[in-house]
Amino acid sequence: MIFNAFERMVAGRYLRARRKEGFVSVIAGFSLTGIALGVATLIIVMAVMNGFRQELLGRILGLNGHAVITAAAGTLSEAEVREMMPRIKALDGVVSVAPAIEGQVMASAAGNARGAMVRAMSAKDIADRKTLSDHIIDGSLTGFDNGDGVLIGSRMARGFDLKVGDKITLISPKGNPTAFGTVPRMRTYPVAGIFDVGMYEYDSSFIYMPLAAAQAYFQMPGRLSHVEVLTTNADKAQTVLRGLYDQLGASYYFSDWTRSNASLFNALQVERNVMFLILTLIILVAAFNIISGLIMMVKDKGRDIAILRTMGASRGAVMRIFFLAGASVGVTGTLAGLLLGVAFCENIEAIRQGLQSLTGTELFSAEIYFLSRMPAQIDYHEVTQVVLMALGLSFAATLYPSWRAARLDPVEALRYE
């Protein structure tokens, strides 16, 4: 054992409060609480940031292609898309290829109107997007390709008070030219299904339409706006892009999800790093509390240290006693913070719902945070790093006070006793 029974006993007695030295124990208590709260907060915030990123990434990649091919100028013809699809599917890492049309419209129903994004795909390609097809809460894709029905999000349906079978009117900003000027292009479509993917942007403003209906509405006969490519691993989309460029050449424009969502995920990464640094300061402040508490303890126990030295205790034994006293605070605080942080993360949604019920306010607005529930994903590699960092700071904080205690001269300490 590094610490013998005598050293553990003395360190334990020094930490326990007595009336005369109660203030030292109060500082130790604050240090322990500070470390516990710092570790717990850091674990919770990192888990929420990880969960937010994974949920956002999963939904975005589940609804959009990992790579997108567009024409360098204008639109793609159906003939060239049919010609390129077998070549794209032959590439390693490609799962599926989906021709699509996308355009902005004004959606109107029940006297209300709002901007919306129309995305046209075949029923088979929509079925392949499990994030969408598995979250159709009303209606179905049956007959989607052969009809004029559209899929709308649950929040749009609530905003317009629509259900399956009701009508929604789409107004295109590109109108029809007439002798009296440009007339907005309007068309009414029945609602074939309602989806709820749990992401505010899509549930409130996306409309899915059959390809043939979109070609007629946007006046793009035989044309497509882009081709979406799904890969086996979204993180290796860049490799697939290089293969697409080699196969198709420079007459097309290629982009992947990291480019189209670069600003969002870069902002999340910067915020995550900054939050880690800020919250680490909580643990650092608690470590300074350990230093101040131990220095006060060394001052208060000067006579006891001198007596221990005259009875045969070595400098190393004295240093280990005070190191153990300070390290006990750090280890106990770190373990308490670890348990608190993990327990909070495992029950974070229930805690949020409870706090919302108590306060009567919405704590995680889907309009602001894009998601309808608070995510938390614990990365135990990160948790290990947080625990080791807290322990390292706690141990480092004990070194100087312990060294001061070991260097105390017994003669000077007892001279005026």
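Quick note: numbers below take in every heavy atom, side chains included, and nothing from hydrogens, waters or symmetry partners. Because the structure is a prediction, the values reported are computed rather than measured.
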Could you tell me whether the side chain of Asn273 and the main chain of Val270 form a donor-acceptor pair under 3.5 Å?
-> no
In short, Phe144 meets Met121 closest at the heavy-atom pair CE2-O, 3.6 Å
Worksheet entry | Asp246 and Arg242 ion-paired at < 4.0 Å | no
message: When you measure from the centre of the six-membered ring of Tyr202, is the NZ or CZ of Arg119 closer than 6.0 Å and no more than 45° off the axis?
response: no
Query raised in the report: Is the backbone of Ser172 close enough, under 3.5 Å, to the side chain of Tyr217 for a donor and an acceptor to pair up by distance?
Result: yes
- Item | Any donor-acceptor pair under 3.5 Å from Ser133 side chain to Asp128 backbone | no
Check: Thr41 side chain to Gly38 main-chain N or O, any donor-acceptor pair under 3.5 Å?
Finding: no
For Arg155, is there any backbone N or O sitting under 3.5 Å from a side-chain donor or acceptor partner on Ser204?
no
What's the verdict on side-chain contact (heavy atoms from CB on, under 4.5 Å) for Trp403 and Phe322, showing C-alpha distance, side-chain angles and the deciding distance? CA-CA 9 Å; Trp403 176 80; Phe322 284 91; over 6 Å; no
Heavy-atom closest pair (Met156 atom, Phe206 atom, distance to 0.1 Å) is CE-N, 4.3 Å
OG1 (Thr334) and CG (Leu388) are apart, to the nearest 0.5 Å, by 9.5 Å
query = Around Gln104, counting heavy atoms of other residues, nucleotides and ligands shown, do more than 12 lie under 6.0 Å from its CD?
reply = no
When rounded to the nearest 0.5 Å, the distance separating CG of Leu151 from CG of Leu141 is 5.5 Å
* Going through the checks in order, is the side-chain contact (heavy atoms from CB on, under 4.5 Å) test met by Val191 and Lys163? -> CA-CA 7 Å; Val191 175; Lys163 56 184 180 296; over 6 Å; no
Test salt bridge (charged side-chain N to carboxylate O under 4.0 Å, His left out) applied to Asp125 and Arg129, step by step
CA-CA 7 Å; Asp125 292 329; Arg129 309 289 171 91; over 6 Å; no
Show the numbers, then the answer: is there a side-chain contact (heavy atoms from CB on, under 4.5 Å) between His66 and Val95? CA-CA 10 Å; His66 300 167; Val95 175; over 6 Å; no
d(Ile35 CD1, Ser394 OG) to nearest 0.5 Å is 3.5 Å
So CG of Leu393 and CG of Leu284: to nearest 0.5 Å the spacing works out to 6.0 Å
Can you tell me if Gln215 uses its side chain to pair, donor with acceptor, with the backbone of Arg223 under 3.5 Å? yes
| Checking His226 side chain against Val68 main chain: does a donor-acceptor pair fall under 3.5 Å? | no
Between Ser31 and Ile290 the two heavy atoms that sit nearest each other are OG-N, 3.4 Å
Practice task
Verify, without hydrogens or angle tests, whether Asp196 (side chain) and His135 (backbone) share a donor-acceptor contact under 3.5 angstrom.
Solution key: no
**Item:** Centroid-centroid under 6.0 Å between Phe195 and Tyr208 rings
**Value:** yes
